[in-house]
S.K.: 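I'd like to ask some things about the structure below.
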Protein chains: 4
Amino acid sequence: MIEAGIIGGAGYTAGELIRILLNHPEVNLNFVFSTSQPGKPLYSIHQDLIGETEIEFTNGINIEVDVVFLCLGHGNSKKFLAENQFSETTKIVDLSTDFRQKSDEHSFVYGLPELNKEAIKNANFLANPGCFATAISLAILPLSKNGLLKDEIHVNAVTGATGAGTSLSQTTHYTWRDNNFSAYKSFEHQHLDEIGQSLKQLQPDHDSEINFIPNRGNFSRGIHATAYTKYVGTLEEAKEFYHNFYENSAFTFLTDEELHLKQVVNTNKCILRLQKFGNKLLVTSVIDNLLKGASGQAVQNMNLMFGLEERMGLKLKANYF
Amino acid sequence: MIEAGIIGGAGYTAGELIRILLNHPEVNLNFVFSTSQPGKPLYSIHQDLIGETEIEFTNGINIEVDVVFLCLGHGNSKKFLAENQFSETTKIVDLSTDFRQKSDEHSFVYGLPELNKEAIKNANFLANPGCFATAISLAILPLSKNGLLKDEIHVNAVTGATGAGTSLSQTTHYTWRDNNFSAYKSFEHQHLDEIGQSLKQLQPDHDSEINFIPNRGNFSRGIHATAYTKYVGTLEEAKEFYHNFYENSAFTFLTDEELHLKQVVNTNKCILRLQKFGNKLLVTSVIDNLLKGASGQAVQNMNLMFGLEERMGLKLKANYF
Amino acid sequence: MIEAGIIGGAGYTAGELIRILLNHPEVNLNFVFSTSQPGKPLYSIHQDLIGETEIEFTNGINIEVDVVFLCLGHGNSKKFLAENQFSETTKIVDLSTDFRQKSDEHSFVYGLPELNKEAIKNANFLANPGCFATAISLAILPLSKNGLLKDEIHVNAVTGATGAGTSLSQTTHYTWRDNNFSAYKSFEHQHLDEIGQSLKQLQPDHDSEINFIPNRGNFSRGIHATAYTKYVGTLEEAKEFYHNFYENSAFTFLTDEELHLKQVVNTNKCILRLQKFGNKLLVTSVIDNLLKGASGQAVQNMNLMFGLEERMGLKLKANYF
Amino acid sequence: MIEAGIIGGAGYTAGELIRILLNHPEVNLNFVFSTSQPGKPLYSIHQDLIGETEIEFTNGINIEVDVVFLCLGHGNSKKFLAENQFSETTKIVDLSTDFRQKSDEHSFVYGLPELNKEAIKNANFLANPGCFATAISLAILPLSKNGLLKDEIHVNAVTGATGAGTSLSQTTHYTWRDNNFSAYKSFEHQHLDEIGQSLKQLQPDHDSEINFIPNRGNFSRGIHATAYTKYVGTLEEAKEFYHNFYENSAFTFLTDEELHLKQVVNTNKCILRLQKFGNKLLVTSVIDNLLKGASGQAVQNMNLMFGLEERMGLKLKANYF
């Protein structure tokens, strides 16, 4: 059994990790570290866990675990690792933005399995991608793989309220969010950096603009993204190289039918649809922001890092309706 | 024109009052007092008001207005009136709980027009009823009027998230409330006192228990209540004395059809439905908690206090879908 | 008083028209024609109208009314007018797509007041714009007015479920739509024609592509649209010519703050926000699809056609939360 | 491996069964019979199954399967079994109401494991309980077990839109249901019969009225029920006999904290909370109507009927937010 620890146990991504790991056949949840909740049972915060486990939050860390997941606010993972040292064999999966940009100062591998599967298998330190970055990168990576991103890319995506975290705020207040919709951080979302880095990895000459408008939707979970760009080939050719790119993917699939968000909610899947209109290729992409966009992908990466079957523990029943 | 002031201008009830009074043909909105927002335009908080008015919040009070509405937290109206004095002719409409219970210490009239219309017309100080109290009292007052409340009353009601006010809290966080439902304050809700007082006013020997379970619904506005009790007469008799009781009501109506909440959302109406099953009379009651349950009823009371047509300024387009 | 008739009274746009006209100070609702509901009271279908009116649907038409509103399915207005003739002085406001494209075969004026106010004032036959067309045209018309639409325009918009009409369908089934999101009719929405016609009216050399992705949101009312295109001037210049363009608008306003859909829900307003990023001008636009996008604009047009104050009967209380 | 077939594969309960059985370690999904969809892949209807399975709906039945689940409309199971015969060893689990009432004419066991576990283990024919019946019976059965149901029981429960099935209808139209609430079938819901039968099984002299008001909530999944009745003991005594009653339950748990619906959504659990007010015991009960209230409980029963661990295949990740 893989002994696993979680640092920062009270938020959404930690909650989802706990739910997955409790049922993972090869994992034992060794500890869940929380500075705010020590001594309380996990189900005092993650209240659906009544009857599932009697584990309590702890303020002590077992540095000998096989893997540790960092579910900390952006900027805090770096700080935490500077102050705490794990055993030499402990693998680290970080869910924050802190190590997503390649740098000489760290050896974290960017954990998008569809892009970096072999590197992930050998990684000891893994930077788990952002939710928007996952949805958008999966929509356009096959284009960059084929050197076809030569013009501006136009992306519009909408995320659920869990994307804003557990902190209370005006735009996650029920009476504000209910039946509402709004754009935010247009053209300036922080995930653009990750996406650019991944595109350049496959198409080094890539320097097209990505015009990205993120939106707040009045739902709890999921990301729905559309991306289009100029594309001279046929739709059939596009379908073929997308098919080839995702042939060995465990969770990313293509469809020819109308696509909607709830096809993936509460699963680790990404579903993509390709369409061509005039000289544009339109790709629609849907994921669950907390699973394929966070904790599910983290476990997928863990499976790869430990040589387990990639889908282990991740055959989740969708919450389709 | 009636010069009107509002004390405590940033919350939901103040917002609804402002929206109504700006379009009221006989009212001029003289000032909106807010200690937190002075100098800012009303539309900086009530952002739908862009293009409607350039009025700003003020931290000064005009004590010469004809009417002032107190939109303060429970307990704060009493304190505010102890510290601030209006002119002798200023009428006061208080939306808090502070003066709803009759007492020798104050001369506020309980402002449920269906119960106290004549007293309201002559009132200088008015205590506006609570939202649950309004929905439930209107459901059962005709029974007490006819001396028929002799057994326990069973009430279940659900309120929207605006009922919890503008303060951020876990149970109004979008990800918690969305697609959720929960009971709270069962058998102990603070509005039971008001309801009991009104019932006793019409049926002095009333001492039946009111078993009241309030619930949090995953919608923004409105209250849906069901109330039943033992009743020996026929349904037709009940319909007749309900009809008589509400004959001159401006906003309370009976229906024989299935009733649902959105029939009254964004209006000042209450709609009631009567049914009989075995020896029980079931009454269903729906209101908008912010209008008939708060600000709309406050303006209805103001209209009565100033001798205006009761529906003036309150012919609101429903938000039926 | 203006005597008004409505043809096709059971749908959403007819419902909204009825709600507005019942409270319009210069209008008498003369008849509501419905082939499916004759003899039933309006409130049997528009159930919020209990207590407001006892008018019944009729299957007879009064051809002498001053104005008639056609709330028929697309294609049916033409057919209806071929089979039914009104008096020579009856003005006709059609809410369908049938007469929105200029043609030698009819004399309908396209009823977007911000574009055609003078023509509307003199119109006897008026084609009321589509909801997406209204939201998008208002976002970009000032650019075409200044000859600045020289590059592709990128539009993404989301509409509420009322946009799909009252017919039951899979994508308006609650369990499908709840917490869901999906794109549809990408690059091919039928409103592109109207938009193109309006842009060409102000900028005859306009021939840029409009890349338009409409989406289904999980809310009931409203449209939120973002539109961007290349723009070489400064943001201040843009704000100035937008300000000039909308200076005399009764319902279209600019804001410098974050914009969200519920600022306009249940009102006849359009609010616009301008931002500049790199060489792109981004315009966000929000309307209520049933009011400024349909019935409210129809009444606004009626007011203009009859020389009334443009906002008469349209000072609606927002359903802000 | 247990070979399983499903009759009537296009509805919600069939969809949930398929999702569970595809991941059940001891089950092979042998066929999914559908008269409307033969030859189409399951994911053409249950569109979240893309990438999970290539199985197609069939219009042929394998009568040799080990277990068959009937997911047919009420009344149709009886008809189906009259027209189709399975092998002598095929066990039948019926999700309709057809066999829930004991009768000399059939040998179906009522499949509420908390009530009938031993009988279920030996059953060949099983009638799976209704959703409201499950939530309400689990709330009050320990009282009847202890002979304490001597007075009227007052039950109010709210169900999500999936409770109404996949058929399109006005009350499941998005624009109707969104932000709405309504009572229906008050005092007359068809599940009262099942509940009464179960109570009498434990307390043969039970003849108290159950006053039951079901409601339509504006959410997709789940049932939240409150039930109260006169009770003379202490709260601690009640907790003790509830604890004893559910000691060996695989999915039914007690909590002392505030309870809300999303603690159980997308799981097979029931959580109960006990409170005492005056002389009343109040029990709150929450389940997922499609899982513990339908397909999850069907699989739980199948596990018992085949001697498998009761929770096998049912360790589902909650959709807590």
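Reminder, nothing fancy here: chain letters follow the sequence lines and each chain counts from 1.
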S.K.: At a 4.5 Å cut-off on heavy atoms, which part of C:Gln263 comes close to chain A: side chain, backbone, both, or neither?
M.R.: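 Interface part for C:Gln263: neither.
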
S.K.: Measure distances from C:Asn215 to the heavy atoms of chain A and classify the residue's part below 4.5 Å as side chain, backbone, both or neither.
M.R.: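 When you check distances to chain A, only side chain atoms of C:Asn215 fall under 4.5 Å.
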
S.K.: Can we say A:Glu258 and C:Lys185 salt-bridge, meaning some charged N sits less than 4.0 Å from an Asp/Glu carboxylate O?
M.R.: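 No, A:Glu258 and C:Lys185 are not salt-bridged.
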
S.K.: For the CD atom on A:Glu240, are there more than 12 heavy atoms of other groups (residues, nucleotides or ligands in this structure) within a distance under 6.0 Å?
M.R.: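 12 or below, so no.
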
S.K.: Between C:Asn179 and A:Lys262, is there a donor-acceptor pair closer than 3.5 Å when you use the side chain of the first and the backbone of the second?
M.R.: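 Not confirmed, C:Asn179 side chain does not pair with A:Lys262 backbone.
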
S.K.: Counting heavy-atom pairs under 4.5 Å to chain A, which of C:Ser186, C:Gly160, C:Gly217 comes out on top?
M.R.: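 Going by pairs under 4.5 Å, I would pick C:Ser186.
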
S.K.: Among C:Leu259, C:Thr226, C:Asn319, which residue forms the greatest number of heavy-atom pairs with chain A at distances under 4.5 Å?
M.R.: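 The candidate making the most pairs under 4.5 Å is C:Thr226.
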
S.K.: On a heavy-atom basis, which atom in C:Ser182 and which in A:His260 lie closest, and how many Å separate them?
M.R.: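 Taking C:Ser182 first and A:His260 second, the nearest heavy atoms are CB-CB, 3.7 Å.
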
S.K.: What part of C:Ser220 gets within 4.5 angstrom of chain A, counting heavy atoms only: side chain, backbone, both, or neither?
M.R.: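 Looking at C:Ser220, backbone and side chain both touch chain A.
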
S.K.: Students often mix this up, so state it plainly: with edges at 30° and 60°, are the rings of C:Phe181 and A:Phe181 parallel, tilted or perpendicular?
M.R.: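 Correct class here is parallel.
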
S.K.: Please classify the contact between C:His154 and chain A as side chain, backbone, both or neither, with a heavy-atom cut-off of under 4.5 Å.
M.R.: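 Both parts, heavy atoms under 4.5 Å.
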
S.K.: Is the side chain of A:Asn180 donor-acceptor paired with the backbone N or O of C:Leu261 at a distance under 3.5 Å, no angle test?
M.R.: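 Yes: the side chain of A:Asn180 pairs with the backbone of C:Leu261.
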
S.K.: For chain C, which residues from residues 271-281 of chain A have at least one heavy atom closer than 4.5 Å to it?
M.R.: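 Heavy-atom contacts from residues 271-281 of chain A to chain C are A:Phe277, A:Asn279, A:Lys280.
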
S.K.: Grab the two heavy atoms, one from A:Phe321 and one from C:Thr175, that are nearest each other, plus how far apart they are.
M.R.: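 A:Phe321 and C:Thr175 have their closest heavy atoms at CB-O, 3.7 Å.
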
S.K.: As an exercise: rank A:Thr284, A:Val158, A:Val265 by heavy-atom pairs under 4.5 Å with chain C and give me the winner.
M.R.: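 Max contact count across the listed options: A:Val158.
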
S.K.: Within the supplied structure, the quantity of interest is the number of heavy atoms (other residues, nucleotides, ligands) at a distance under 6.0 Å from C:Gln190 CD; does it exceed 12?
M.R.: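 Yes - once you tally the heavy atoms of other residues, nucleotides and ligands closer than 6.0 Å, there are more than 12.
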
S.K.: Does any heavy atom of chain A fall under 4.5 Å from the side chain of C:Ile213, the backbone, both, or neither of them?
M.R.: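 Side chain only.
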
S.K.: Would the distance check show the side chain of A:Asn218 and the main-chain N or O of C:Asn218 forming a donor-acceptor pair, the cut-off being under 3.5 Å?
M.R.: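 Yes, A:Asn218 side chain to C:Asn218 backbone: donor-acceptor pair under 3.5 Å.
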
S.K.: If you tally heavy-atom pairs under 4.5 Å against chain A, which of C:Leu282, C:Thr171, C:Asn211 wins?
M.R.: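 Winner by heavy-atom pair count: C:Asn211.
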
